[in-house]
**Student:** 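Below you'll find the structure I mean.
The structure displayed is predicted, hence computed values, not measured ones. By convention in this document, chain letters (A, B, ...) are assigned in the order of the sequence lines, proteins followed by strands, and residues within each chain are numbered from 1.
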4 protein chains.
Amino acid sequence: MPRNAKRDQMVKEERRRQILQAATSVFYHKGLAAVKMSDVATEAGLSYGHVYNHFSSKQELLASIVLEGQEAYRRFLLQAIESPGDAVSKLQRIIDQLFIHSNTAKTYWIVLQAQASDILPEDVKGEIKARMLHNLDLFSRIIIQGQEEGRFAAGDAKEITTIVITLLHNSGLWEIRGLESPKQPILTYILKLVSL
Amino acid sequence: MPRNAKRDQMVKEERRRQILQAATSVFYHKGLAAVKMSDVATEAGLSYGHVYNHFSSKQELLASIVLEGQEAYRRFLLQAIESPGDAVSKLQRIIDQLFIHSNTAKTYWIVLQAQASDILPEDVKGEIKARMLHNLDLFSRIIIQGQEEGRFAAGDAKEITTIVITLLHNSGLWEIRGLESPKQPILTYILKLVSL
Amino acid sequence: MPRNAKRDQMVKEERRRQILQAATSVFYHKGLAAVKMSDVATEAGLSYGHVYNHFSSKQELLASIVLEGQEAYRRFLLQAIESPGDAVSKLQRIIDQLFIHSNTAKTYWIVLQAQASDILPEDVKGEIKARMLHNLDLFSRIIIQGQEEGRFAAGDAKEITTIVITLLHNSGLWEIRGLESPKQPILTYILKLVSL
Amino acid sequence: MPRNAKRDQMVKEERRRQILQAATSVFYHKGLAAVKMSDVATEAGLSYGHVYNHFSSKQELLASIVLEGQEAYRRFLLQAIESPGDAVSKLQRIIDQLFIHSNTAKTYWIVLQAQASDILPEDVKGEIKARMLHNLDLFSRIIIQGQEEGRFAAGDAKEITTIVITLLHNSGLWEIRGLESPKQPILTYILKLVSL
DNA sequence: TATGAATGAGAATTCATTCAT
DNA sequence: CATGAATGAATTCTCATTCAT
């Protein structure tokens with residue numbers, strides 16, 4: 001009996017998401033170095049062979065995590081930028097959301113490693129870099145807005161953004177390193193950096 | 001003239017340093033994931049079998065890089081702390097030195113990955129963490145000094161130190177990611193963070 | 001009008017033939033090595049799971065192609081032998097028919113590979129060999145007839161037959177190898193071989 | 001202690017030949033379909049991992065067998081062509097040699113399968129075909145010589161050569177198929193084919 | 001029946017490590 | 001000590017086969 005094509009499609013999408021989710025978690029916690037496809041499968045609750053029905057290789061899986069993660073981050077930033085409010089409240093919203101969408105935070109670390117390692121081919125790494133710069137550019141609009149509002153210090157917006165992002169995402173990394181999370185909200189430190 | 005035995009000893013030490021240096025570079029640029037022992041040997045200009053005359057395994061090689069790197073960092077910090085001058089000038093000196101001893105910067109990234117990965121056994125990772133906390137503690141003395149001098153804002157010195165270090169070492173990472181180095185000296189940003 | 005059960009039966013037979021036909025083509029063109037069950041299914045225009053409703057395994061599918069192919073060849077030879085005419089006209093008829101029933105030519109190549117490979121179990125390979133020898137024997141009757149008619153040279157009929165068959169079927173193989181088909185009719189060459 | 005570089009080189013060449021030899025035998029007997037790298041290694045008396053020190057993949061191993069086999073065949077033909085004597089004696093010499101250099105005979109069957117299968121990439125298959133046509137061309141010089149000597153029938157030399165080669169090499173194949181080798185020398189049949 | 005998602009045995013391949021020279 | 005050939009455990013990846021829908 002033929003099955004319901006539409007439902008099949010949805011289940012398939014769901015499986016893909018499930019694997020991507022599991023893989024993100026595993027790559028984040030073990031580092032690109034140590035991840036086996038079977039780890040990913042186990043985390044996702046599937047057989048390892050099945051992962052290959054969705055991603056043709058480990059490399060493609062990693063590339064998908066990174067590129068789709070960057071895409072999600074882009075949408076995430078756009079939403080923050082387009083929401084009403086001043087630069088400070090936008091920063092606040094980004095930080096809050098980042099704690100909720102923990103995948104986005106995890107992806108930062110994975111992207112960092114992927115860019116530094118030889119695991120992905122050069123062309124994919126080029127694409128990743130391009131998207132990173134694009135997202136940096138998006139983020140910098142908030143800094144520029146703050147400067148225009150007279151709340152943030154003048155200076156190269158891209159450079160300031162780079163530092164803000166570094167701070168923002170690394171605080172998530174402290175956890176892996178066994179450091180305590182900051183007691184003061186990270187926004188406090190960021191504001192010190194950008195304020196007049 | 002020293003006896004052969006002594007000179008042999010020195011040659012051996014030199015070889016060891018040579019391998020460690022090569023390995024640090026390779027681990028930094030390719031990521032722990034992608035490094036083969038033969039890459040290390042090639043970079044060091046030695047046959048790969050030879051590496052095993054100095055390090056009994058890849059694991060030991062990595063552990064040596066990390067632990068000896070942390071030890072070097074410790075000495076480096078002690079020197080900075082014990083040198084004369086106020087906190088700001090000590091920070092300045094640390095930053096300057098860090099650009100010169102590029103290995104220290106590279107090691108930071110390797111430590112980060114090693115701690116996240118499964119490559120090293122738990123006990124070694126514990127040792128690494130202990131040394132990291134120890135070095136953090138050392139560094140925080142400079143922050144505390146700055147607070148006592150009335151130049152730095154009050155607050156949890158460890159936490160502030162963590163953020164300062166994060167910033168300091170990540171700026172070295174921008175290079176791998178294809179970002180430009182900051183045009184403004186990184187000290188400027190750090191001072192914004194810690195100042196009153 | 002036939003009952004559903006009967007029509008179902010016919011549909012099933014038709015499906016089986018369809019798969020066998022597709023499989024023959026795929027095995028011939030890709031080589032036993034490279035054929036996946038999904039290739040067969042795709043070629044037959046069916047889902048790959050469906051193939052298992054007709055053949056319980058790849059092995060059985062291959063065995064069916066070979067054994068049924070040999071059976072068809074046997075019937076084909078019998079018909080040629082029993083048809084009226086002298087040996088030469090029988091050979092002519094066989095050659096003509098062979099070009100029409102291209103499956104027979106393809107099967108020859110598949111049989112050749114199957115016998116050399118490990119894919120089929122020994123007992124099946126034994127059965128195949130027995131049928132091959134039986135068909136060789138049938139074919140040799142035509143050679144013997146020619147010898148009795150005084151048109152063909154004397155000599156071991158089986159051996160001559162082997163050579164004739166080799167020539168006959170290999171000419172079909174030239175196509176895969178990218179060689180042109182012979183301009184002179186292959187019969188010309190065969191007659192040279194067998195004639196006085 | 002450094003080893004003797006020259007001797008090392010020779011040993012390495014020898015190993016390569018050893019693997020190629022073993023692989024040829026295994027591919028010949030089992031068919032491309034069924035050969036595992038471990039079969040090759042076992043046949044060569046080496047560990048399977050070691051095969052990869054000489055051939056980076058199964059594909060490359062197969063390609064090497066075929067291309068080097070064709071190269072050997074080319075030299076073999078050149079020698080036969082350039083040797084003194086009439087066309088018939090050259091054919092005789094080729095046949096005799098073929099029984100001695102059994103690898104050359106085996107390679108024919110491997111080439112046949114490689115050309116028909118999808119195992120090798122198109123560009124390699126193209127190269128194989130080009131070499132096959134080149135060798136066919138070389139062989140045809142002997143046929144042409146025979147025609148010029150007035151011993152062989154006129155006709156398209158390439159086409160006649162194709163048929164002669166088919167006969168020549170297939171007789172080696174009878175063995176795998178479980179047929180007896182011809183009692184009459186194969187040259188007898190070939191001469192029938194080409195003679196006036 | 002028909003479909004293709006899911007499984008896992010098995011083959012290919014990699015690479016740390018050993019060891020004869 | 002120095003070298004790189006040789007080994008095989010560990011992984012990636014393929015694909016025949018099963019089975020829920």
Side-chain angles (χ1 to χ4, degrees), chain A residues 1-5 7-9 11-12 14-16 34-41 44-61, chain B residues 8 11-12 15 34-42 45-61 119, chain C residues 8 11-12 15 34-42 45-61 119, chain D residues 1-5 7-9 11-12 14-16 34-41 44-61:
Chain A
M1 213 184 326
R3 283 165 302 175
N4 183 319
R7 217 179 81 108
D8 274 14
Q9 188 55 32
V11 169
K12 189 160 186 173
E14 171 51 24
R15 279 282 172 283
R16 192 190 148 88
V35 175
K36 290 177 269 176
M37 285 301 255
S38 60
D39 293 331
V40 173
L46 299 167
S47 71
Y48 60 89
H50 190 45
V51 175
Y52 286 90
N53 291 334
H54 294 269
F55 300 92
S56 66
S57 69
K58 188 175 168 179
Q59 207 173 86
E60 197 205 306
L61 174 58
Chain B
D8 281 4
V11 168
K12 184 158 185 175
R15 278 273 180 286
V35 174
K36 293 179 261 179
M37 284 299 259
S38 61
D39 292 331
V40 173
T42 302
L46 300 168
S47 72
Y48 60 89
H50 193 144
V51 175
Y52 286 88
N53 291 330
H54 297 272
F55 300 91
S56 68
S57 71
K58 186 177 173 178
Q59 207 174 85
E60 197 205 308
L61 175 57
I119 299 182
Chain C
D8 282 3
V11 168
K12 183 158 185 175
R15 278 274 180 286
V35 175
K36 292 178 262 178
M37 285 299 259
S38 62
D39 293 330
V40 174
T42 302
L46 299 168
S47 73
Y48 60 89
H50 193 124
V51 176
Y52 286 88
N53 291 330
H54 297 271
F55 300 92
S56 67
S57 70
K58 186 176 172 179
Q59 204 173 90
E60 196 206 308
L61 175 58
I119 300 182
Chain D
M1 213 182 327
R3 283 164 302 176
N4 183 320
R7 217 179 81 108
D8 274 14
Q9 188 54 31
V11 169
K12 187 160 186 173
E14 172 52 24
R15 280 281 173 283
R16 191 190 149 89
V35 175
K36 290 178 268 175
M37 285 300 256
S38 61
D39 293 331
V40 173
L46 298 168
S47 71
Y48 59 89
H50 190 46
V51 176
Y52 287 91
N53 291 333
H54 294 269
F55 301 92
S56 67
S57 69
K58 188 175 169 179
Q59 208 173 84
E60 197 205 306
L61 175 58

**Student:** Shortest non-hydrogen contact from A/Val51 to A/Met37?
**Tutor:**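 In this case the closest contact between A/Val51 and A/Met37 is CG1-CE, 3.8 Å.
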**Student:** So which heavy atom on B/Ala41 is nearest to which on B/Tyr48, and how close?
**Tutor:**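 For B/Ala41 and B/Tyr48, the tightest heavy-atom pair comes out as CB-CA, 3.3 Å.
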**Student:** Let me know the distance between CZ of D/Phe55 and C1' of E/dT14, rounded to the nearest Å.
**Tutor:**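 Those two atoms, CZ and C1', are 18 Å apart.
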**Student:** I want to check one thing: is the phosphate of E/dT17, taken as OP1 and OP2, less than 4.0 Å away from some side-chain N or O of B/Tyr52?
**Tutor:**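 For E/dT17, OP1 or OP2 has a side-chain N or O of B/Tyr52 closer than 4.0 Å.
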**Student:** Say you draw a straight line from OG of A/Ser38 to CG of A/Leu46; how long is it, rounded to the nearest 0.5 Å?
**Tutor:**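 Those atoms lie 12.5 Å apart.
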**Student:** Between E/dT13, F/dC13, F/dC1, which nucleotide gets closest to the side-chain atoms of A/Met37?
**Tutor:**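 Among the listed nucleotides, the one closest to the side chain of A/Met37 is F/dC13.
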**Student:** Checking all strands, does B/Val11 fall into the base, sugar-phosphate, or nothing category for heavy-atom contacts under 4.0 angstrom?
**Tutor:**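 The residue B/Val11 makes no contact with any strand.
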**Student:** If pairing requires Watson-Crick or G-U wobble contacts with both distances under 3.5 Å, which nucleotide is the partner of F/dC19?
**Tutor:**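 Here F/dC19 is engaged in a pair, and the nucleotide opposite it is E/dG4.
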**Student:** Heavy-atom nearest nucleotide on DNA chain F for B/Leu46 versus C/Lys36: which residue maps closer to 5'?
**Tutor:**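 Its nearest nucleotide lies further toward 5', so the answer is B/Leu46.
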**Student:** Check each of B/Gln59, B/Lys58, B/Glu60 against B/Ser56 using the side chain to side chain contact (heavy atoms under 4.5 Å, CB included) test, and report the only one that passes.
**Tutor:**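 For B/Ser56, the side chain to side chain contact (heavy atoms under 4.5 Å, CB included) check succeeds only for B/Glu60.
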**Student:** By nearest nucleotide on DNA chain E, pick out whichever of C/His54 and A/Gly45 is the more 5' one.
**Tutor:**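 The answer here is C/His54.
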**Student:** If you assign D/Val51 and A/Arg7 each to the DNA chain F nucleotide with the nearest heavy atom, which residue ends up on the more 5' nucleotide?
**Tutor:**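 Result of the comparison: D/Val51.
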**Student:** Expressed as a whole number of angstroms, how long is the span from D/Gln9:CD to F/dG4:P?
**Tutor:**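 About 11 Å, once rounded to whole Å.
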**Student:** Say you draw a straight line from CG of A/Leu61 to CZ of A/Arg16; how long is it, rounded to the nearest 0.5 Å?
**Tutor:**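 Atom-to-atom, A/Leu61:CG and A/Arg16:CZ are 9.0 Å apart.
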**Student:** Tell me: CG of D/Asp39 to P of E/dA12, nearest whole Å?
**Tutor:**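 Computing the D/Asp39:CG to E/dA12:P distance gives 8 Å.
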**Student:** Please state how far atom CG in A/Leu61 lies from atom C1' in F/dT11, giving the value in whole angstrom units.
**Tutor:**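 That distance rounds to 15 Å.
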**Student:** Please report, rounded to the nearest Å, how far the C1' atom of F/dT3 is from the CG atom of D/Asn53.
**Tutor:**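 Between C1' of F/dT3 and CG of D/Asn53: 14 Å.
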**Student:** Check this for me: does the side-chain of D/Tyr48 come within 3.5 Å of the base of E/dA11 through a donor and an acceptor?
**Tutor:**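 Not at all, since no donor on one side and acceptor on the other fall under 3.5 Å apart.
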**Student:** Which part of the nucleic acid, if any, lies within reach of D/Val40 when heavy atoms closer than 4.0 Å are counted: base, sugar-phosphate only, or nothing?
**Tutor:**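 Contact class for D/Val40: none.
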**Student:** Please confirm whether the shortest side-chain N or O distance from B/Lys12 to OP1 or OP2 of F/dC1 is below 4.0 Å.
**Tutor:**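 It does, given that an N or O in the side chain of B/Lys12 lies less than 4.0 Å from OP1 or OP2 of F/dC1.
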**Student:** Please give, in whole Å, the distance from E/dT21 C1' to D/Arg15 CZ?
**Tutor:**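 Result: 13 Å.
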**Student:** Could you check which of F/dT7, F/dT17, E/dT17 has an atom nearest any side-chain atom of C/Lys58?
**Tutor:**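 Output: F/dT17.
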